[in-house]
Amino acid sequence: MSGADYGSVPGPGRGNKGLKGDERIGQVQEQVTEVTGLLHDALEKSVRRGENLDRLEGRAENLSAEAKHFKSQSRGLARDMWWKNKRWLVLMIIVILLVLGGVGFLIYWEVSGKKHH
């Protein structure tokens, strides 16, 4: 497990021996300024990350809505194509029945005509 290295941070009994009170205050103020800057940067990154997540969420919602619309349209198109195919099938069956009926009629005509001659 790794932890922060506090050996270089001046504190009671660490690295600030021989510093006067004003020097120690100045050093602490620098550290406070540095930490404040780091916290500010982290906060800005967090805000940007939140904004990016909001944009991503909006795009995901739009994509979901478009997918639902596409699904609806594709179902309608599939239904229309199914009916179109059925109409062609019925038309082909009618044509085949008419052709067979015509051939049957011609055969009947020929057969009945030869009986009378």
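Only a predicted model underlies this, so the values are computations on that prediction, with no experimental measurement involved.
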Option passing side chain to side chain contact (heavy atoms under 4.5 Å, CB included) with Thr36 (candidates Val32, Leu38, Thr33, Leu39):
Val32
Contact between Glu44 and Arg48 at the side-chain level, heavy atoms closer than 4.5 Å - yes or no?
yes
Should Arg49 and Asn52 be marked as a side chain to side chain donor-acceptor pair (under 3.5 Å) after you check the CA-CA gap, both sets of side-chain angles, and the distance that decides it?
CA-CA 5 Å; Arg49 190 176 317 121; Asn52 289 340; over 6 Å; no
For Ser74 and Phe70, indicate whether the former's side chain and the latter's backbone hold a donor-acceptor pair under 3.5 Å.
yes
Is it the case that the side chain of Ser46 and the backbone of Ala42 share a donor-acceptor pair, with hydrogens and angles ignored and the cut-off at 3.5 Å?
no
Apply side-chain contact (heavy atoms from CB on, under 4.5 Å) to the pair Arg75 and Lys71, showing each step before the final yes or no.
CA-CA 6 Å; Arg75 281 184 182 163; Lys71 186 176 182 179; 3.0 Å; yes
Is there a path from Leu100 to Leu91 through hydrophobic residues (I, L, V, M, F, W, Y) whose side chains come within less than 4.5 Å of each other?
no
Give a yes or no on whether Val103 and Val111 share a hydrophobic cluster (residues Ile, Leu, Val, Met, Phe, Trp, Tyr; joining criterion: side-chain heavy atoms under 4.5 Å apart).
yes
Value rounded to 0.5 Å, distance of [atom1] in [X] from [atom2] in [Y]:
X     : Y     : atom1 : atom2 : answer
Arg87 : Asn85 : CZ    : CG    : 9.5 Å
Leu56 : Glu61 : CG    : CD    : 10.0 Å
Lys45 : Leu43 : NZ    : CG    : 12.0 Å
Leu98 : Ile93 : CG    : CD1   : 12.0 Å
Gln73 : Glu66 : CD    : CD    : 11.0 Å

Check the surroundings of atom CH2 in Trp82: do more than 12 heavy atoms from other residues, nucleotides or ligands lie under 6.0 Å from it?
yes
